[in-house]
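Structure record follows, encoded as structure tokens.
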Amino acid sequence: MSDSPLLEVEDLNVRFHLPTGTVDAVRGVTFSLGRERLGIVGESGSGKSQTGRSILGLTPPPGEVIARKLAFDGRDLLSMRRRDLRQLRGQRMTMVMQDPKFSLNPVMTVGEQIVEAYRAHIRSGWREAEEKALDMLEAVRMHEPKRVFGLYPHEVSGGMGQRAMIAMMLVTDPDLLIADEPTSALDVTVQLEILRILDRLVAERGMGLIFISHDLRLVSSFCDRVLVMYAGRVVEELAAGELGNAQHPYTRGLMGCLPDLHVSRHPLPVLTRDPAWAR
Amino acid sequence: MIEIENLRVVYGAGALRTVAVDGVSFGVAEGQSFGLVGESGSGKSTVLRAITGLAPVSGGTIRVAGREVPKRRDKVFYSQVQMVFQDPYGSLHPRHTVDQILSEPLAIHRLRDRKDRIVEALRQVGLGASFRFRYPHQLSGGQRQRIAIARAIILEPRVLLLDEPTSALDASVQAEILNLLERLRAERGLTYILVSHDLAVVAHLCERLLVMWRGGAVEETSAEALRSGEVTSDYTRTLIRATQGFTRAGA
């Protein structure tokens with residue numbers, strides 16, 4: 001492991017040229033990531049997901065990614081050949097998305113999919129890949145890995161599906177995992193279980209994690225550092241423990257407008273948006 | 001205002017038979033706000049759907065304002081009870097203007113002064129009369145949910161059934177809708193039944209609530225008890241703990 005950061009992002013912009021005009025989804029985002037847990041928080045349309053996607057080269061057309069620097073482990077991602085990027089993506093950097101119902105292949109068993117993900121990147125026989133997959137299913141706390149291996153996605157619950165997804169994304173031993181709302185489609189109790197699994201794996205393997213979510217409270221309890229995005233920009237960067245000391249009025253407003261189980265406030269404070277925040 | 005006794009909802013038959021709600025009872029007094037909390041599959045939404053007649057009632061009784069609801073819900077029922085759904089993107093007709101959406105219940109119930117009632121309903125939910133001729137796709141998520149609420153209150157019902165009314169919305173918009181619901185209840189003396197997976201939202205809007213799990217009632221408690229932690233079941237305690245976010249073991 002070198003001292004240079006795992007991921008360097010400098011002045012990242014994502015634009016969509018649409019018939020109705022150009023939409024700037026991400027504007028001048030700069031951050032670097034080591035082997036740590038970084039949270040990116042924002043409301044819908046803040047550009048948090050597009051930031052994550054552009055790192056993996058998954059910006060959908062007609063999107064355009066411009067950056068002064070976008071480098072993974074010292075290698076420039078923007079000038080890289082598509083083939084090389086594909087090698088990197090899925091092996092050294094991977095992504096877990098929100099809903100396992102839509103991100104798993106419905107006509108392949110859970111196990112076959114993990115085997116496929118492994119063999120796509122690492123030269124190996126079926127037997128070896130199968131063993132890897134079973135190990136991985138066990139690592140995400142599946143009670144009977146052998147049985148789950150043979151199940152189709154519709155036969156597993158949301159929480160199990162998301163664990164299978166995580167197993168698939170970690171089977172190649174990546175250095176960077178981008179998790180885009182990985183628990184938002186799940187029940188609260190399942191949510192915490194998934195986070196516990198993710199937390200342990202990230203710590204054990206010394207990976208970098210980018211955790212994208214709309215849930216400021218959850219992210220700050222899980223990550224080391226949090227970027228708060230608004231209208232495509234990072235408006236504030238916070239150490240996770242210092243959420244209470246947030247300076248930006250947007251971050252404070254976002255914290256304040258959540259109903260709190262333990263404090264009764266009527267009516268709830270409402271966020272007043274200042275056009276200056278988007279500038 | 002509403003009494004539910006031993007409600008059962010069963011879907012399918014034979015091997016596919018699923019008991020979605022199994023013997024749930026509760027009562028809501030007029031002007032009260034009652035919460036149904038639970039995770040997916042707990043049957044909380046099915047209870048609401050059974051009340052409005054969208055889910056089959058296999059057993060038990062449902063009374064609204066002292067009257068047992070008829071098997072086929074009549075106009076009297078719908079003039080008293082209206083529902084707001086979770087997804088404002090899915091619950092509004094995409095090819096109808098706001099004006100058409102709000103006219104429909106008025107036409108069904110043969111009410112006069114439609115224009116005045118529509119403008120008034122829009123005003124009540126904090127939207128101007130200029131919204132009348134817009135289509136749902138021209139509105140934000142929060143504005144759509146306001147329209148869905150306007151559609152529900154335009155018949156001047158006494159009860160609103162709210163099925164996760166804010167869970168598709170951003171946190172800042174959620175606060176606005178929760179404040180709107182609270183104001184409407186205070187102004188019009190409405191009775192609410194609110195379904196939500198979010199304990200904090202339920203505790204904010206409701207005085208009393210029922211925690212559900214796998215079709216059954218776990219415990220009936222109050223928002224006050226949630227706050228002070230005086231709950232009896234372990235499951236409710238787990239839910240309370242989950243609202244506090246992630247905690248690292250040993251940290």
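Because only heavy atoms are used, hydrogens play no part in the values below, and waters and symmetry mates are left out as well, while side chains stay in. Numbered from 1 within each chain, the chains take letters A, B, ... in sequence-line order.
Contacts between B:L169 and chain A at a heavy-atom distance below 4.5 Å are absent for every atom of the residue. The parts of B:E39 that come within reach of chain A are both its backbone and its side chain, each placing non-hydrogen atoms under 4.5 angstrom from that chain. Using a 4.5 Å cut-off between heavy atoms, B:L178 touches chain A through its side chain atoms alone. At a 4.5 Å heavy-atom cutoff, A:R200 makes no contact with chain B through either its backbone or its side chain.
Residue pairs meeting the side-chain hydrogen bond (donor to acceptor under 3.5 Å, both in side chains) criterion with at least one partner in residues 220-231 of chain A, sequence neighbours excluded, are A:E36-A:R225, A:R37-A:D224, A:R225-A:E237.
At distances below 3.5 Å, at least one donor-acceptor pair connects side-chain atoms of B:S233 with backbone N or O atoms of B:T236. Between the side chain of B:E30 and the backbone N or O of B:L190, no donor-acceptor pair lies under 3.5 Å.
Partner of B:V37 under the side chain to side chain contact (heavy atoms under 4.5 Å, CB included) criterion, chosen from B:L199, B:V195, B:D198: B:L199.
We find that B:E120 and B:R123 are joined by a salt bridge, their nearest charged nitrogen and carboxylate oxygen being less than 4.0 Å apart. Salt-bridge check for A:R196 with A:D199: failed, with every basic side-chain N at 4.0 Å or more from each acidic carboxylate O.
No other option in A:Q191, A:R217, A:H214, A:H262 has as many heavy-atom pairs under 4.5 Å with chain B as A:H262. Most heavy-atom pairs under 4.5 Å with chain A: of the set B:G245, B:A203, B:G229, B:S228, this distinction falls to B:G245. Contact count against chain A (heavy-atom pairs under 4.5 Å) is highest for B:A175 among B:G41, B:A175, B:G38. Counting heavy-atom pairs closer than 4.5 Å to chain B, the top residue among A:D215, A:L192, A:L271 is A:L192.
By the side chain to side chain donor-acceptor pair (under 3.5 Å) test, B:R151 pairs with B:Q82, sequence neighbours left out.
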Table please: side-chain donor-acceptor pairs of residues 248-259 of chain A below 3.5 Å, with sequence neighbours left out.
{"residue": "A:H248", "atom": "ND1", "partner": "A:Y250", "partner atom": "N", "Å": "2.9"}
{"residue": "A:Y250", "atom": "OH", "partner": "A:E43", "partner atom": "OE1", "Å": "3.1"}
{"residue": "A:T251", "atom": "OG1", "partner": "A:E236", "partner atom": "OE1", "Å": "2.7"}
{"residue": "A:R252", "atom": "NH1", "partner": "A:A246", "partner atom": "O", "Å": "3.0"}

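With no hydrogens or angles considered, a side-chain donor-acceptor pair links B:S167 and B:Q86 at under 3.5 Å. Side chains of B:S222 and B:E224: no donor on one and acceptor on the other come within 3.5 Å.
When the heavy atoms of residues 206-218 of chain B are compared with those of chain A, none of the residues falls under 4.5 Å.
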